[in-house]
2 protein chains.
Amino acid sequence: MITKNTSAPAVDATLRAWGLRLTRQRRIILEVVHATDAHPTAAFVYRRVRRRLPRVSLATVYRNLRRLAAEGFLAERADPSGVRFDGNTAPHDHFTCVACGRIYDVPTRATRGVRARIAVRSGFEVLNHRVEFYGRCGACRRQGGRSPVKGQRRS
Amino acid sequence: MITKNTSAPAVDATLRAWGLRLTRQRRIILEVVHATDAHPTAAFVYRRVRRRLPRVSLATVYRNLRRLAAEGFLAERADPSGVRFDGNTAPHDHFTCVACGRIYDVPTRATRGVRARIAVRSGFEVLNHRVEFYGRCGACRRQGGRSPVKGQRRS
DNA sequence: ATAGATGCAAACTCTTTGCAGGTCG
DNA sequence: CGACCTGCAAAGAGTTTGCATCTAT
């Protein structure tokens, strides 16, 4: 779940090495994202952070999520439901349930080798790749929810 | 590049079978998307359509892109630069050049088997999957553009 | 002390919607 | 003719920015 060491002192040191101050807002935003596997949107993070820091502004949440992602402390990804952040910066794939909208992490085990195979293609230098699966998760299959939901809540 | 038969009469017939009229706007929007491999945004399509139909409205472009995608005449995908449409509805993967921002189609040959491998995982029913590669394309490698561009034009 | 971060409000971009009028079949 | 579609303008969602103030180091 965690790539960079996220224990409080380690985060502090690493942030500072990047020239970033460990403000209260920044620390809590980081904690919130790391504490969930819900692949949260900015709005979700904002709601959570506000529980502990009622006067935080949405702008601060956006600025920090973007900055932390740019510096590699978080991963940022776009999907049909919008932009989402992920505390798990280790390589992994995703499975999105089209019935309930939940996004599950999938170990890259299954897709290892994909990059090597494409790399041989004419002229492309592959630096990274992402695999996204879509389908129905175990829970939804059992409940037999037949029709995929369209307007997903954006947690 | 083309899945459904896109010759004028065939499109007409197919659209009608779906209960859609072949209006001039709809036809040109479809032609524009099918005529490019640039994975265009709505704004790009709007600009192009307006060359031939100066009074078209952006709302009509959006309504039609969404509708046509919902009916399977186009593919719709979200990436960090926004929502893009693709006239190629056949299964294929994408390679995005982080230097120039261009998106290339990649045959699924290289990634075939990915789904089968994940399918065995506990409880997930995989209906679909997508592979996205990121790296530098041949042209950009030769030009030696060193630093990846951040604010990409959204063609 | 001071570079950097925050809160607030306004601005911006992208997308959707209501409605009166136009068009396809 | 009637259902569907369009253009326009206004509204909505999500995100960014300018600026005065505050704070971590």
Side-chain angles (χ1 to χ4, degrees), chain A residues 8-9 11-30 40-47 49-50 52-71 73-74 76-85 150-155, chain B residues 8-9 11-30 40-47 49-50 52-71 73-74 76-85 150-155:
Chain A
V11 166
D12 188 359
T14 318
L15 279 172
R16 253 187 269 130
W18 251 256
L20 300 190
R21 290 180 181 171
L22 184 60
T23 61
R24 189 190 316 220
Q25 292 83 336
R26 186 165 287 157
R27 179 172 50 77
I28 296 181
I29 289 167
L30 216 30
T41 60
F44 175 97
V45 176
Y46 176 53
R47 270 180 263 122
V49 172
R50 215 166 25 163
R52 297 168 59 186
L53 220 58
R55 296 189 49 85
V56 75
S57 78
L58 185 53
T60 293
V61 170
Y62 270 104
R63 275 188 288 239
N64 276 291
L65 289 173
R66 286 269 140 78
R67 189 77 196 275
L68 292 167
E71 306 291 4
F73 291 92
L74 302 175
E76 184 178 354
R77 42 181 238 109
D79 78 4
S81 68
V83 177
R84 290 171 175 276
F85 297 87
K150 239 339 210 270
Q152 223 73 257
R153 61 205 147 296
R154 297 197 40 193
S155 58
Chain B
V11 167
D12 188 359
T14 317
L15 279 173
R16 251 186 272 127
W18 252 259
L20 300 190
R21 288 180 183 172
L22 185 60
T23 60
R24 189 192 312 228
Q25 291 85 336
R26 187 165 287 159
R27 180 172 50 77
I28 295 180
I29 289 167
L30 217 30
T41 61
F44 175 98
V45 175
Y46 175 54
R47 270 182 263 122
V49 171
R50 216 168 22 164
R52 298 168 60 185
L53 219 58
R55 299 188 47 87
V56 75
S57 77
L58 184 54
T60 293
V61 170
Y62 270 104
R63 275 189 288 240
N64 276 291
L65 288 173
R66 286 270 140 78
R67 189 78 196 274
L68 291 167
E71 306 291 3
F73 290 92
L74 302 174
E76 184 177 354
R77 42 180 237 110
D79 78 6
S81 69
V83 176
R84 290 172 175 277
F85 297 87
K150 234 354 210 259
Q152 222 75 256
R153 62 203 148 297
R154 297 197 39 192
S155 61

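Naming convention: chains lettered A, B, ... in sequence-line order (proteins, then strands); numbering from 1 in each chain. Heavy atoms only: backbone and side chains are in, while hydrogens, waters and symmetry mates are out.
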What is the distance, rounded to the nearest whole Å, between atom CG of L65(B) and atom C1' of dT6(D)?
15 Å
Out of dG7(D), dT2(C), dT6(C), which nucleotide sits closest to the side chain of R21(A)?
dT2(C)
Interatomic distance, R27(B) CZ vs dG25(C) C1' [rounded to whole Å]
16 Å
Would you indicate whether the side-chain heavy atoms of L22(A) and R16(A) approach each other to under 4.5 Å?
no
Nearest to the R66(B) side chain among dT15(C), dG7(D), dG25(C), which nucleotide is it?
dT15(C)
Within less than 4.0 Å of OP1 or OP2 of dG7(C), is there a side-chain N or O belonging to Q25(A)?
yes
Nearest whole Å is fine: how far is dT23(C) P from I28(B) CD1?
14 Å
To the nearest 0.5 Å, how far apart are CZ in F85(B) and CG in L65(B)?
4.5 Å
Quick check: any donor-acceptor pair below 3.5 Å linking the side-chain of R63(B) to the base of dG7(D)?
yes
Could you give me the CA-CA distance, side-chain angles and deciding distance for Y62(A) and R66(A), then say whether side chain to side chain donor-acceptor pair (under 3.5 Å) is met?
CA-CA 6 Å; Y62(A) 270 104; R66(A) 286 269 140 78; over 6 Å; no
Output the rounded distance in Å from CH2 (W18(A)) to P (dA5(C)).
15 Å
Quick check against the 3.5 Å criterion: does R52(B) have a side-chain atom that pairs as donor or acceptor with the backbone of I28(B)?
no
Rounded distance (Å) that lies between atom P of dT6(C) and atom OH of Y46(A):
14 Å
R24(B) CZ to dT23(C) P: how many Å, rounded?
9 Å
Where the side chain of Y62(B) is defined as all heavy atoms beyond and including C-beta, which of dC14(C), dC5(D), dT25(D) is the nearest nucleotide?
dC14(C)
Under 4.0 Å between any heavy atoms, over every strand shown, what does L58(A) touch: base, sugar-phosphate, or nothing? Just pick one.
base
OP1 or OP2 of dT6(C) under 4.0 Å from side-chain N/O of T23(A):
yes
Whole-Å distance between dT15(C) P and F85(B) CZ?
7 Å
With a non-hydrogen cut-off below 4.0 angstrom, is R55(A) in contact with a base, only sugar-phosphate, or nothing?
sugar-phosphate
Closest to the S57(B) side chain, choosing from dA5(C), dG7(D), dC24(C):
dG7(D)
To the nearest 0.5 Å, what is the distance between CG (L74(A)) and CZ (R67(A))?
12.5 Å
Rounded to whole Å, CZ of R50(B) lies from P of dT6(D) at a distance of 17 Å
Which nucleotide sits closest to the side chain of R26(B): dT16(C), dT17(D), dC5(D)?
dC5(D)
